[in-house]
Trainee: 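Starting off with a structure, shown below.
Each ligand, and each atom within it, is numbered from 1 in the order the structure gives. Hydrogens, waters and symmetry mates play no part in the numbers below; they use all other heavy atoms, side chains included.
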Amino acid sequence: MKLYTKCPSCKSDFNLTKTYNTRPDLIADKGEYFNLNCSKCGTANEYHANDIKAKESYFTNFLGTILGLLVILITTKLMWNQGIISNVGLIIGGSIIAASNYSSLTSNVNAFNRYRATRVPKQNINK
Ligand SMILES: [Zn+2]
């Protein structure tokens, strides 16, 4: 999972250097308001914790997909060598692929994006 936000200066998305599993973790570490330097244009801007969004890092899904494809290939080849034409490999491999893409899409990313901090007006924070 990666956390990113949109830079108001150059309008491009950039990733946070640190990743938190939940928005409260992010707030506990950085506070509700914090400054971030855009990795694209270098401009420092102030962000609210709710401005941060989570997305799946495709690398994890990619690994799961590769693993699933390997299982399909190996199982199918083993079965084939034994004279059995079977879709067992397809089923197992397919479920690995589905699980690796599905679980990551539903778990942390959704939880992070669903959770919204109650936005405290900034001028009241230090009173
Ligand atoms: Zn920027």
Side-chain angles (χ1 to χ4, degrees):
M1 185 169 91
K2 273 185 159 41
L3 300 182
Y4 71 100
T5 190
K6 198 183 197 67
C7 169
S9 305
C10 67
K11 310 281 183 232
S12 62
D13 291 343
F14 66 96
N15 294 329
L16 275 70
T17 43
K18 271 179 89 173
T19 294
Y20 306 90
N21 282 331
T22 64
R23 204 182 296 278
D25 285 348
L26 168 81
I27 296 169
D29 189 45
K30 283 185 165 305
E32 203 183 337
Y33 293 87
F34 44 85
N35 287 313
L36 292 173
N37 283 315
C38 170
S39 62
K40 302 273 161 58
C41 68
T43 311
N45 282 295
E46 191 181 67
Y47 297 89
H48 185 269
N50 286 355
D51 299 334
I52 308 301
K53 292 190 188 71
K55 67 180 170 189
E56 199 40 59
S57 54
Y58 292 106
F59 189 63
T60 329
N61 295 356
F62 181 72
L63 282 182
T65 307
I66 294 294
L67 182 72
L69 286 177
L70 277 177
V71 169
I72 293 176
L73 283 177
I74 292 168
T75 316
T76 308
K77 189 169 190 317
L78 286 176
M79 296 278 185
W80 191 271
N81 287 347
Q82 291 167 5
I84 311 164
I85 299 171
S86 163
N87 55 4
V88 170
L90 200 65
I91 293 168
I92 299 173
S95 19
I96 293 176
I97 295 174
S100 64
N101 288 282
Y102 183 75
S103 67
S104 54
L105 278 177
T106 51
S107 57
N108 284 343
V109 172
N110 270 2
F112 191 99
N113 287 334
R114 257 201 318 268
Y115 181 88
R116 282 287 183 270
T118 315
R119 198 181 276 254
V120 180
K122 204 195 172 193
Q123 53 271 30
N124 296 337
I125 281 182
N126 296 323
K127 276 184 187 167

Trainee: To the nearest 0.5 Å, how far apart are CD1 in I91 and CD1 in I72?
Mentor: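 One gets 10.5 Å once the value is rounded to the nearest 0.5 Å.
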
Trainee: List-wise, which protein N, O or S atoms are found short of 2.8 Å from the Zn ion (ligand 1)?
Mentor: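 Counting only protein N, O or S atoms under 2.8 Å from the Zn ion (ligand 1), the list reads C7 SG, C10 SG, C38 SG, C41 SG.
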
Trainee: Write down the atom of R23, the atom of I52, and the distance for their closest heavy-atom approach.
Mentor: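 Residues R23 and I52, closest heavy atoms: NH1-O, 2.8 Å.
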
Trainee: Give the minimum heavy-atom separation between I97 and T65, together with the two atoms involved.
Mentor: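 Between these two residues, the closest heavy atoms are CG1-O, 3.8 Å.
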
Trainee: I'd like to know if the side chain of T5 reaches the main chain of D51, judged simply by a donor and an acceptor atom lying under 3.5 Å from each other, with no hydrogens or angles considered.
Mentor: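 Checked: pair present.
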
Trainee: Which heavy atom of A54 sits nearest to which heavy atom of V109, and what is that distance?
Mentor: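 Heavy-atom minimum between the residues: O-CG1, 3.6 Å.
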
Trainee: Taking atom types as modelled, is there a side-chain donor on N45 or S9 under 3.5 Å from an acceptor on the other?
Mentor: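 Distance-only check passes for N45 and S9.
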
